[in-house]
Amino acid sequence: MKHRVRFKGALRLVNSEDAHLAPSIALRLLQGVSRVCFLLFCLWLALLPSHVHSSVPLTSSLAPSNTATGANPPNSAAPLAGSLQLASSKPLPPESELPRYLVSEKLDGVRARWTGQTLVTRSGNLIAPPAWFIAALPADVLLDGELWAGRGRFEWLSGLVRSRGRDDDWYQVQLMVFDTPQSGLGFAERHKWLQARLSDKTEPLKLVEQRRFQHLSELNDYYQAVIRGGGEGLMLHREDALYIDGRNPLLIKLKPLNDTEGQVIGYRAGKGQFEGMMGALHLRLLDGREFFLGSGFSFDERRHPPAIGAWVTFQYHGLTDKGLPKGARFLRVRPME
């Protein structure tokens, strides 16, 4: 009796007494293929640039030295970053709940956290102000706040934070502290703790003022005054809210326009007056959804659009039926952090 065995694309007839050899042959073939694949994988690894498979973050190799900046460069970004609390774009609480919220101005600055030794961005990358600025901050205290240079000066401040050799300009900057990641304490208790702990500190450190309101009409009056003065909006923080990592539903931002961020993943070509330029950015939002942002750009920005992979901030008025930003307009490219 003979059996048919497929081997290297050919069909062979073998005797039944030889059929038991087929599994052995197949096993040897699989072992040979596995060895070849392993060798090819090793060769591919060897050809990769060294930084691709390095476990050291790129930012750590670029951190300025202590001698040059007076700051301590982090060994890695992750330990310094820790928990990062973010505000939510939620409806205002009902008037009956309003007295439970502490209210402060939303500062349009650069998010900064003090680890007790170093000042880092929200991504955990080193910020390197002059030595005198670092020396004025309290040792071994965790602080969450914003570097701030006044209303309407975000672009100037962002450029300063990313530059070197502008030490005198830092005299225009304050570290505005609005929280501390103390575990187990509500926000009102954390704020009271900060008042006591920072009572003897002066410039450039300042604790953000918190207010309470009994009625929504009073809150609206304050909100309108801040907007008229060039402020960005308000932050409402419920008194018993714990400090958490990520979006906190009990920390609400109130602004004339909502804003959010998206990552550039492509472009749509322009038409008409924008022929030969970028017509719209193809963005991937934080929740993974995608849409095209085509408004708010200058001609120069259309000729030189943000790079693929860059994060951009845009404003919008509510959401469409599909949950995508409505009336979206480009605001700015988010600085590298």
### Query
Are L175 and F154 connected, step by step, through hydrophobic side chains (Ile, Leu, Val, Met, Phe, Trp, Tyr) whose heavy atoms are closer than 4.5 Å?
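Result: yes, single cluster for both.
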### Query
Is there a chain of hydrophobic side chains (I, L, V, M, F, W, Y, each step under 4.5 Å between heavy atoms) that links L251 to Y243?
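No: no chain of side-chain contacts under 4.5 Å links L251 to Y243.
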### Query
Are R284 and F291 in a cation-pi setup, meaning NZ or CZ lies under 6.0 angstrom from the ring centre and within 45 degrees of the ring axis?
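The answer is no, since R284 fails at least one limit relative to F291.
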#### Entry: Axial cation check for W156 ring with R162, 6.0 Å and 45° limits
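No, R162 does not sit over the ring of W156.
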If I compare all heavy atoms of [X] with all of [Y], which pair ends up nearest, and what's the gap?
X    : Y    : result
R289 : L324 : NH1-N, 3.9 Å
L242 : G186 : CD2-N, 4.2 Å
E105 : L234 : CA-CD2, 4.1 Å
P129 : I127 : CD-O, 3.1 Å
L205 : P138 : CD2-CD, 3.8 Å
I244 : P249 : CD1-CD, 4.5 Å

So, does [X] use its side chain to make a donor-acceptor pair with the main chain of [Y] at under 3.5 Å?
X    : Y    : value
E239 : Y101 : no
E301 : S298 : yes
S199 : A196 : yes
R302 : M277 : no
R113 : T121 : yes

### Message
The criterion is ring pair (Phe, Tyr, Trp, His ring centres under 6.0 Å); which residues satisfy it with F274, sequence neighbours excluded?
### Response
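In terms of ring pair (Phe, Tyr, Trp, His ring centres under 6.0 Å), with neighbours along the sequence ignored, F274 is linked to F299.
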### Message
Taking transitive links into account, so neighbours of neighbours count too, which hydrophobic residues share a cluster with F187 at under 4.5 Å side-chain distance?
### Response
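Taking Ile, Leu, Val, Met, Phe, Trp and Tyr as members, F187 shares its hydrophobic cluster with L102.
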#### Entry: Residues clustering with F178 (ILVMFWY side chains joined when closer than 4.5 Å, directly or via others)
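Listed partners: L107, W148, M176, V208.
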Does any part of the side chain of [Y], heavy atoms only, come nearer than 4.5 Å to the side chain of [X], both counted from C-beta?
X    : Y    : answer
K206 : K201 : no
R268 : H282 : no
I265 : I308 : no

### Message
Measuring centre to centre across the rings, with the benzene-like ring taken for any Trp, is F330 within less than 6.0 Å of F314?
### Response
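No; F314 has its ring centre 6.0 Å or more from that of F330.
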### Message
Determine whether K192 and E189 satisfy the following criterion, salt bridge (charged side-chain N to carboxylate O under 4.0 Å, His left out), listing intermediate values before the conclusion.
### Response
CA-CA 5 Å; K192 185 179 297 184; E189 293 176 291; over 6 Å; no
[atom2] on [Y] to [atom1] on [X], rounded to 0.5 Å:
X    : Y    : atom1 : atom2 : result
E146 : K106 : CD    : NZ    : 6.5 Å
L331 : R334 : CG    : CZ    : 13.5 Å
D144 : T180 : CG    : OG1   : 8.0 Å

### Query
Do E261 and R122 pass the salt bridge (charged side-chain N to carboxylate O under 4.0 Å, His left out) test, and can you show the C-alpha distance, the side-chain angles, and the key distance before you say yes or no?
CA-CA 15 Å; E261 296 175 334; R122 66 178 185 176; 3.2 Å; yes
### Query
With D108, which of R151, R153, E232 fulfils side chain to side chain contact (heavy atoms under 4.5 Å, CB included)?
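With D108 as partner, R151, R153, E232 yield a single side chain to side chain contact (heavy atoms under 4.5 Å, CB included), made by E232.
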